[in-house]
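Report on one structure; see the data block that follows.
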Amino acid sequence: MSTNFQAFKWLLVFLLLAKASQAQSLPEEGPYSLLKDEALVVLKNNCNTCHKRMNPTKFFTEENMEEFAPLINEQVFVKKRMPLGFWNKLEEEDAEKLRRWIKANAKHKSS
């Protein structure tokens, strides 16, 4: 094979891998309302199912989730206490959504 063809082939492989990586990664930031909506879905699907029965004072809604953001961060990411149980594992993509929203929420509150 010619050197030009080899270089082209490796460039093509690199571009395809970069495109695939970009498609799988989540954006670092976005409009606050979008981050909040994504986080609320995660909270409803992964937290509220148990909180409704076991801890109704910490049932997450759009209206109260911002005040709980520091506690969510502490329980999920710092102390790793939540979510409880082997049947309700927080997927990495959902964890990233929560992380981004918690970070944006801190900035949003300080503005």
Side-chain angles (χ1 to χ4, degrees):
M1 282 191 217
S2 75
T3 306
N4 287 341
F5 183 74
Q6 278 284 50
F8 176 75
K9 183 174 87 173
W10 284 112
L11 177 62
L12 186 60
V13 167
F14 174 77
L15 290 174
L16 289 172
L17 288 174
K19 179 86 170 154
S21 173
Q22 182 182 28
Q24 291 175 0
S25 66
L26 297 167
E28 284 298 312
E29 294 184 18
Y32 180 75
S33 61
L34 177 61
L35 296 174
K36 184 177 176 181
D37 290 345
E38 288 179 342
L40 182 58
V41 170
V42 173
L43 294 171
K44 284 181 176 181
N45 292 339
N46 294 281
C47 306
N48 281 350
T49 53
C50 289
H51 280 235
K52 187 174 189 174
R53 290 187 325 270
M54 308 299 281
N55 196 355
T57 61
K58 295 199 174 68
F59 186 80
F60 303 111
T61 65
E62 185 176 358
E63 292 76 27
N64 72 11
M65 65 188 280
E66 291 172 322
E67 72 183 80
F68 284 122
L71 188 59
I72 293 167
N73 184 57
E74 179 182 342
Q75 294 298 316
V76 175
F77 300 112
V78 177
K79 294 183 177 177
K80 300 185 187 314
R81 290 182 178 167
M82 294 288 148
L84 269 182
F86 62 88
W87 63 88
N88 193 11
K89 183 178 182 301
L90 189 61
E91 298 295 328
E92 187 55 38
E93 183 177 347
D94 288 338
E96 279 303 311
K97 289 176 183 178
L98 280 179
R99 280 186 192 103
R100 286 194 325 270
W101 167 69
I102 289 167
K103 183 178 176 182
N105 183 60
K107 288 180 184 176
H108 183 72
K109 287 174 78 172
S110 66
S111 304

**Asked** Which atoms form the tightest heavy-atom contact between K36 and M65, and what is the distance?
**Response** O-CE, 3.5 Å
**Verdict with reasoning, L90 to V42, per side chain to side chain contact (heavy atoms under 4.5 Å, CB included)** = CA-CA 9 Å; L90 189 61; V42 173; 3.8 Å; yes
**Message:** If I compare all heavy atoms of F60 with all of C47, which pair ends up nearest, and what's the gap?
**Reply:** CE1-CB, 3.7 Å
**Complete:** When rounded to the nearest 0.5 Å, the distance separating CE of M82 from CG of N73 is 14.0 Å
**Prompt:** Rounded to the nearest 0.5 Å, how far apart are NZ of K97 and CG of L40?
**Reply:** 12.0 Å
**Item:** Pairs flagged by side chain to side chain donor-acceptor pair (under 3.5 Å) wherever residues 42-58 is involved - sequence neighbours left out
**Value:** N55-T57
**Salt bridge present between R99 and E92 (N-O < 4.0 angstrom)** = yes
**Item:** Nearest-0.5 Å distance that lies between atom CG in N64 and atom CZ in F59
**Value:** 9.0 Å
**Message:** Less than 4.5 Å apart, side chain to side chain, heavy atoms only: is that true for F77 and L98?
**Reply:** yes
**Prompt:** Stepwise, does the side chain to side chain contact (heavy atoms under 4.5 Å, CB included) test hold for I72 with L43?
**Reply:** CA-CA 10 Å; I72 293 167; L43 294 171; 3.9 Å; yes
**Item:** From CD (E38) to CD (E96), nearest 0.5 Å
**Value:** 11.5 Å
**Asked** Is there any salt bridge (charged side-chain N to carboxylate O under 4.0 Å, His left out) pair reaching into residues 74-85, and which pairs are they, with sequence neighbours excluded?
**Response** E74-K79
